[in-house]
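Because only heavy atoms are used, hydrogens play no part in the values below, and waters and symmetry mates are left out as well, while side chains stay in.
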Amino acid sequence: MIQKGQPLPSATLNEFNSEGMQAHNTSELFANKRVVLFALPGAFTPTCSEAHLPGYIALNADLKAAGADIIACVSVNDAFVMNAWGKAQDAGDIMMLADGDASFTKALGLEMDTAGFGGVRSQRYAMIIDNGVVTELNVEAPQAFEVSNAETMLAALK
């Protein structure tokens with residue numbers, strides 16, 4: 001599993017937005033930026049839709065004021081699902097990034113096999129990335145939602 005102080009692996013994450021399909025290389029997207037990246041098991045799932053993403057939407061301006069250049073949500077879903085979920089949640093300028101084949105999640109060592117639920121998915125976590133290097137990493141215990149929330153990450157930015 002990736003650790004604090006390590007560079008983020010280079011991978012491609014997709015985003016479908018008003019400009020169409022965008023393929024983002026993580027090395028380029030996060031270069032020279034301070035990023036709050038949070039990941040969750042799936043779009044439209046209960047905790048993700050009722051607490052995780054809404055927390056980041058509510059604190060978006062505060063996170064930016066504390067120094068985040070980008071706030072991004074990533075999930076092992078396709079870009080169309082992530083876009084639809086972002087619209088349904090009124091996610092504003094939070095980047096809704098798709099890791100469709102779980103290659104980014106696997107490169108981080110943060111995958112989990114949910115079997116019949118959805119196969120390989122991401123563990124729930126949040127990290128702060130400074131110029132491509134992980135400076136904060138909060139991985140949730142199974143079935144928990146305590147350390148990857150927006151409030152915890154806002155405190156870590158300050």
Would you find a donor on one side and an acceptor on the other, under 3.5 Å apart, between the side chain of [X] and the backbone of [Y]?
X      : Y      : value
Asp69  : Lys33  : no
Asn138 : Val147 : yes
Ser122 : Glu111 : no
Gln22  : Asn17  : no
Thr26  : Pro9   : yes
Asp99  : Thr105 : yes
Gln3   : Met1   : yes
Asn149 : Glu146 : yes

Search all heavy atoms of [X] against all heavy atoms of [Y] and return the closest pair with its distance.
X      : Y      : answer
Gly42  : Arg121 : CA-NH1, 3.5 Å
Ser103 : Asp101 : OG-OD1, 2.8 Å
Arg124 : Ser148 : CG-OG, 3.5 Å
Thr135 : Lys4   : O-CD, 3.6 Å
Ala51  : Phe145 : CB-CE2, 3.6 Å
Val81  : Asp78  : N-OD1, 2.8 Å

[X] and [Y]: same hydrophobic cluster, using ILVMFWY side-chain contacts below 4.5 Å?
X      : Y      : result
Ile70  : Ile57  : no
Phe104 : Ile129 : yes
Met127 : Leu40  : no
Phe30  : Ile94  : no

Taking the side chain as C-beta and beyond, is there a heavy-atom pair between [X] and [Y] under 4.5 Å?
X      : Y      : result
Val134 : Leu108 : no
Val76  : Val120 : no
Leu53  : Met96  : yes
Leu59  : Met153 : no
Tyr125 : Val74  : yes

(request) State which residues pass salt bridge (charged side-chain N to carboxylate O under 4.0 Å, His left out) with Lys106; sequence neighbours excluded, sorted by chain then number. (result)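 Partners of Lys106 under the salt bridge (charged side-chain N to carboxylate O under 4.0 Å, His left out) test: none.
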
(message) Checking His24 against Met95 for the side chain to side chain contact (heavy atoms under 4.5 Å, CB included) test, could you report, in this order, the C-alpha distance in whole Å, the side-chain angles of both residues, the deciding distance, and whether it holds?
(response) CA-CA 11 Å; His24 299 287; Met95 293 186 80; 3.6 Å; yes

(message) Suppose we screen for ring-ring contact (aromatic ring centres under 6.0 Å, His included). Which residues come up paired with Tyr56, at least two apart in sequence or across chains?
(response)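 For Tyr56 the ring-ring contact (aromatic ring centres under 6.0 Å, His included) partners, ignoring immediate neighbours, are Phe38, His52.
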
(request) Applying ring-ring contact (aromatic ring centres under 6.0 Å, His included), name anything that partners Phe16, two or more places apart in sequence or on another chain. (result)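 Per chain and number, Phe16 pairs via ring-ring contact (aromatic ring centres under 6.0 Å, His included) with Phe80.
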
(request) Go through Leu97 and Leu29 one step at a time and tell me if the side chain to side chain contact (heavy atoms under 4.5 Å, CB included) criterion holds. (result) CA-CA 11 Å; Leu97 300 173; Leu29 181 63; 4.3 Å; yes

(request) List the steps and the verdict of side chain to side chain contact (heavy atoms under 4.5 Å, CB included) for Ile71 and Lys64. (result) CA-CA 8 Å; Ile71 302 164; Lys64 296 263 175 107; 4.1 Å; yes

(request) For Thr47, check side-chain hydrogen bond (donor to acceptor under 3.5 Å, both in side chains) against everything at least two apart and list the hits. (result)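 In terms of side-chain hydrogen bond (donor to acceptor under 3.5 Å, both in side chains), with neighbours along the sequence ignored, Thr47 is linked to no residue.
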
(request) With sequence neighbours excluded, tell me which residues meet side-chain hydrogen bond (donor to acceptor under 3.5 Å, both in side chains) with Asn32. (result)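 Residues passing side-chain hydrogen bond (donor to acceptor under 3.5 Å, both in side chains) with Asn32: none at all.
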
(message) For a side chain to side chain contact (heavy atoms under 4.5 Å, CB included) check, start with the C-alpha distance between Ser75 and Trp85, then their side-chain angles and the critical distance, and finish with the verdict.
(response) CA-CA 11 Å; Ser75 183; Trp85 188 44; 5.6 Å; no

(request) Could you identify which residues cluster with Val133, counting Ile, Leu, Val, Met, Phe, Trp and Tyr as linked when any side-chain heavy atoms lie under 4.5 Å apart, either directly or through a chain of such contacts? (result)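 Other cluster members: none.
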
(request) Any chance you could measure Glu28, atom CD, to Thr12, atom OG1, to the nearest 0.5 Å? (result)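 Separation between the atoms: 8.5 Å.
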
